[in-house]
Amino acid sequence: MRMSKLYMPTLREVPSEAELPSHKLLLRAGMIRKLVSGVYSYLPLGYRVIRKIEQIVREEMDAIDSQEMLLSAIQPSELWKETGRWDDFGPEMFRLYDRNNREFCLGPTHEEIFTDIIRNEVKSYKQLPLSLYQIQTKYRDEKRPRFGLMRCREFIMKDAYTFDKDVEGMEKAYYIMWKAYEKVFDRCELKYKVVEGDSGAMGGSDSHEFIAFSEMGESDICYCDACDYAATFEKADCKYEVKNSQGDVLNKEKVHTPDVKTIEHLVEFFNTKAHSFVKTLLYKAKDEVIAVMIPGDRELNETKLCHAVGVNEHELEMATEDIVKEVTGANVGFAGPIGLKKDIKIFVDSRIEKMKNIIVGANETDYHYKNVNYGVDFSGEIVDDLLMVRKGDKCPKCDSKLNQERGNEVGNIFQLGTKYSDGLNATFLDENGKERKIYMGSHGIGVSRTLAAIIEQYHDENGIIWPLSVAPYHVLVTVVNTKNEKQVELGEKLYKELLDKGIEVMIDDRMERAGVKFKDAELIGIPYRITVGKKADDNIVEFVERKTLEKKEINADDVLKTLSNVLIK
Ligand code: ATP
Ligand code: MG
């Protein structure tokens with residue numbers, strides 16, 4: 001590629017809206033441009049990287065006999081209604097109507113459509129197992145589109161679906177996919193961890209997420225150094241030891257606590273520890289107001305609450321001040337389980353059952369109760385675990401300490417069981433002629449997010465440092481001074497030689513100052529550079545590695561040999 005012809009609108013300034021290095025660098029390197037919030041165009045260099053990642057994914061999917069197809073992005077609502085997800089998916093779904101007022105959506109994912117395709121054709125156990133995939137644009141009207149390609153409203157995903165006769169088959173397919181994902185992310189040279197995930201809107205039982213490390217990542221994961229336990233914070237079981245389980249049950253007592261609303265204030269006021277309190281939080285779950293009780297020294301895990309209540313995440317929100325006042329009869333900060341003005345469901349973290357003589361809000365402004373006990377003064381629906389795990393907590397598997405890391409979810413694998421084949425009635429006849437439901441798996445890789453995740457791990461203050469496997473080009477020949485005939489001649493000769501050898505090479509033949517060329521070269525991150533400058537007369541060029549910025553003078557005749565050593569791995 002000739003840079004004089006390449007559309008690569010690089011920017012010197014850091015765009016103000018960009019927070020993440022990947023977002024800034026993709027914009028600066030002229031690889032993407034924003035159309036509207038969460039919707040981007042891929043420019044030539046950016047799109048080359050997308051295609052490289054897609055190709056890696058494709059090769060690894062093909063290697064496990066998953067077969068590529070391409071489905072429509074437009075999906076009729078009827079199929080989603082069959083599985084109940086038309087409502088469950090909520091506001092993240094882009095919905096539209098045709099001229100006859102028929103309802104459609106732009107596919108946020110394709111479980112329904114893939115299941116529909118096979119339910120009409122797969123009839124016998126002989127046609128199973130089956131693994132199908134596509135690489136396609138997905139649409140999700142995210143609540144907070146941000147971080148460039150990390151969280152978009154339009155993004156590229158590889159989604160694979162596996163169809164099996166039974167649980168064992170589904171588990172085997174899951175494991176095969178897991179191994180293929182490791183190959184994909186290893187080839188992208190990502191540093192990542194596989195963690196237990198929450199199944200969320202997909203339903204089903206088991207799921208794992210592939211989290212690429214990044215200090216500014218959106219996913220919080222915890223892991224144990226001593227054993228192999230690793231999970232997202234949403235999913236992680238919290239081991240919480242009750243510290244106030246001893247002593248006699250005392251009589252409850254109302255205490256005047258003027259303007260003492262927060263746990264910090266309460267700790268000071270009562271001169272005790274945060275674990276002596278229980279927080280009562282009010283939420284709106286679908287159309288119902290509920291109360292949730294958790295130990296005062298911990299945070300609520302809303303995902304766990306959603307599971308306990310049986311609502312989707314978008315159906316849960318904190319109660320407004322007005323609702324709190326209506327339900328408790330008091331200002332915010334004094335909610336408790338005793339004497340609520342409305343008969344609402346109370347979800348109680350199981351640890352509270354064991355806590356003795358706790359302090360709670362009295363549902364009266366400026367008052368709390370002390371010496372309150374579960375089963376004596378109040379009751380509710382006990383939920384095993386509603387707490388957010390914390391760094392330093394005990395590992396649920398081996399009791400060692402849990403560590404914390406941040407990262408971005410680049411892929412995930414789900415065991416769906418028969419959720420979709422139940423909803424869409426996808427069955428087959430087994431060896432005995434008996435009709436049975438198909439067991440499914442659903443496995444995604446965020447192709448465009450992977451691109452951003454790679455940059456998060458491979459950059460410096462001057463630009464991107466592409467791993468060879470996904471670099472838009474492998475080699476950049478820079479002609480320092482395009483007015484110098486000798487330099488042009490040697491640069492062009494090398495460029496042609498490399499092209500002839502099938503090497504992915506660019507030549508910077510632009511009429512630009514040397515400084516501009518070097519800055520752009522570092523910004524766009526081509527792994528190896530051949531700089532043809534003043535010593536062209538002596539047939540000497542400079543060989544530069546982007547990663548280390550190490551420079552080495554070599555004879556122009558040795559360029560091919562030097563490159564062969566680093567390009568062939
Ligand atoms: P997240 O928790 O980040 O919202 P998800 O669980 O909704 O992800 P899936 O529905 O499983 O994601 O999608 C599969 C993959 O697609 C994810 O692992 C991620 O890499 C990618 N992905 C999901 N949402 C987005 C998005 N808004 N923008 C870019 N990539 C995304
Ligand atoms: Mg999501």
Side-chain angles (χ1 to χ4, degrees), residues 1-55 57 73 92 94 106-108 135-158 188 212 214 216-218 408 410 445-467 470-473 476 504 506 508-510 512 516-526 546:
M1 182 72 223
R2 292 188 174 278
M3 280 174 84
S4 58
K5 298 216 170 97
L6 178 67
Y7 186 60
M8 184 192 76
T10 54
L11 307 170
R12 288 285 161 259
E13 296 299 312
V14 180
S16 62
E17 84 260 27
E19 295 164 67
L20 285 196
S22 61
H23 189 191
K24 287 180 197 166
L25 291 169
L26 280 166
L27 288 169
R28 279 190 53 211
M31 294 192 178
I32 60 166
R33 282 295 177 263
K34 184 170 103 176
L35 182 60
V36 287
S37 167
V39 181
Y40 288 87
S41 309
Y42 303 101
L43 308 193
L45 282 187
Y47 192 51
R48 261 185 92 91
V49 182
I50 288 280
R51 292 217 316 265
K52 293 272 174 105
I53 300 170
E54 285 181 354
Q55 190 53 27
V57 172
E92 242 182 52
F94 274 107
L106 294 178
I135 298 176
Q136 202 227 25
T137 306
K138 296 281 185 274
Y139 298 88
R140 293 184 187 177
D141 197 359
E142 296 276 353
K143 195 171 183 181
R144 296 180 68 198
R146 56 189 175 150
F147 301 143
L149 297 187
M150 285 293 183
R151 187 162 296 282
C152 289
R153 299 198 295 166
E154 180 186 273
F155 59 96
I156 302 171
M157 196 206 282
K158 183 284 304 185
C188 291
S214 155
M216 292 166 82
E218 277 193 293
N408 293 297
V410 283
I445 289 182
V447 171
S448 42
R449 186 183 282 180
T450 296
L451 186 157
I454 293 171
I455 300 178
E456 288 302 314
Q457 292 185 8
Y458 292 95
H459 70 271
D460 60 18
E461 63 281 10
N462 299 322
I464 304 167
I465 307 170
W466 290 114
V470 296
Y473 289 90
L476 168 60
E504 295 183 53
M506 302 169 91
D508 194 346
D509 55 346
R510 295 175 301 170
E512 290 283 1
V516 171
K517 293 186 176 185
F518 293 142
K519 276 221 156 61
D520 279 347
E522 271 172 39
L523 182 58
I524 65 173
I526 306 301
R546 171 64 185 94

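Below, all heavy atoms of this structure are taken into account, side chains as well, without hydrogens, waters or symmetry copies. Just so it is clear, the model here is predicted, and its values are computed rather than measured.
Distance alone, capped at 3.5 Å, places no donor-acceptor pair between the R2 side chain and the M506 backbone. Between the side chain of E456 and the main chain of S22, a donor-acceptor pair closer than 3.5 Å is present. The main-chain N or O of V410 is never found under 3.5 Å from a side-chain atom of N408 such that the two would form a donor-acceptor pair. In this structure, the side chain of R449 engages the main chain of M150 through a donor-acceptor pair within 3.5 Å. Looking at W466, its side chain never comes within 3.5 Å of a backbone N or O of Y473 through a donor-acceptor pair.
The line from OG of S448 to CG of L26 is 10.5 Å long, rounded to the nearest 0.5 Å. Atom CZ of R28 sits about 8.0 Å away from atom CG of N462, to the nearest 0.5 Å. Between L27 atom CG and E13 atom CD the span is 13.0 Å, to the nearest 0.5 Å. Within the model, atoms OG of S214 and CD1 of I454 stand 12.5 Å from one another, a figure rounded to the nearest 0.5 Å. The NE2 atom of H459 lies 8.0 Å from the CD1 atom of I465; values are rounded to the nearest 0.5 Å. Rounding to the nearest 0.5 Å gives a distance of 8.5 Å between CZ of F94 and CD of E154.
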Determine, stepwise, if the pair R12 / K519 fulfils side chain to side chain contact (heavy atoms under 4.5 Å, CB included). CA-CA 9 Å; R12 288 285 161 259; K519 276 221 156 61; 3.9 Å; yes
Any chance you could lay out the side chain to side chain contact (heavy atoms under 4.5 Å, CB included) test for R48 and M1, step after step, and finish with the verdict? CA-CA 12 Å; R48 261 185 92 91; M1 182 72 223; over 6 Å; no
Does the side chain to side chain contact (heavy atoms under 4.5 Å, CB included) test come out yes or no for E512 and M3, once each step is laid out? CA-CA 11 Å; E512 290 283 1; M3 280 174 84; over 6 Å; no
Would you sort out whether Y42 and R51 count as a side chain to side chain contact (heavy atoms under 4.5 Å, CB included), showing the intermediate values? CA-CA 11 Å; Y42 303 101; R51 292 217 316 265; over 6 Å; no
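K517 and D509 are not joined by a salt bridge, as no carboxylate oxygen comes within less than 4.0 angstrom of a charged side-chain nitrogen. Under 4.0 Å is where a charged nitrogen must lie from a carboxylate oxygen, and between E218 and R144 no such pair does.
The minimum heavy-atom distance linking C152 with G38 is given by the pair CB-O, 3.3 Å. The two residues K24 and A18 have their closest heavy-atom pair at CE-O, 3.4 Å. Here the closest heavy-atom approach between residue E142 and residue P145 is recorded as O-CD, 3.4 Å. The two residues Y139 and A73 have their closest heavy-atom pair at CE1-CB, 4.1 Å. Of all heavy-atom pairs between C188 and P467, the closest is O-CG, 3.9 Å. Scanning both residues, I464 and A29, for their nearest heavy atoms gives CD1-CB, 4.3 Å.
Between R546 and Y458 there is no side-chain heavy-atom pair separated by less than 4.5 Å. Counting only heavy atoms from C-beta outward, the side chains of M31 and L451 never approach each other to under 4.5 Å. M8 places none of its side-chain heavy atoms less than 4.5 Å from the side chain of L523. The shortest side-chain heavy-atom distance between R153 and R140 does not fall under the 4.5 Å cut-off. The side-chain heavy atoms of I53 and I156, taken from C-beta on, include no pair separated by under 4.5 Å. Counting only heavy atoms from C-beta outward, the side chains of L149 and I455 never approach each other to under 4.5 Å. Between V447 and K138 the shortest side-chain heavy-atom distance does not fall below 4.5 Å. Annotation: side chain of M157 is not in contact with side chain of I135 (no heavy-atom distance under 4.5 Å).
Of the candidates T10, L476, I526, T10 is the only one forming a side-chain contact (heavy atoms from CB on, under 4.5 Å) with D520.
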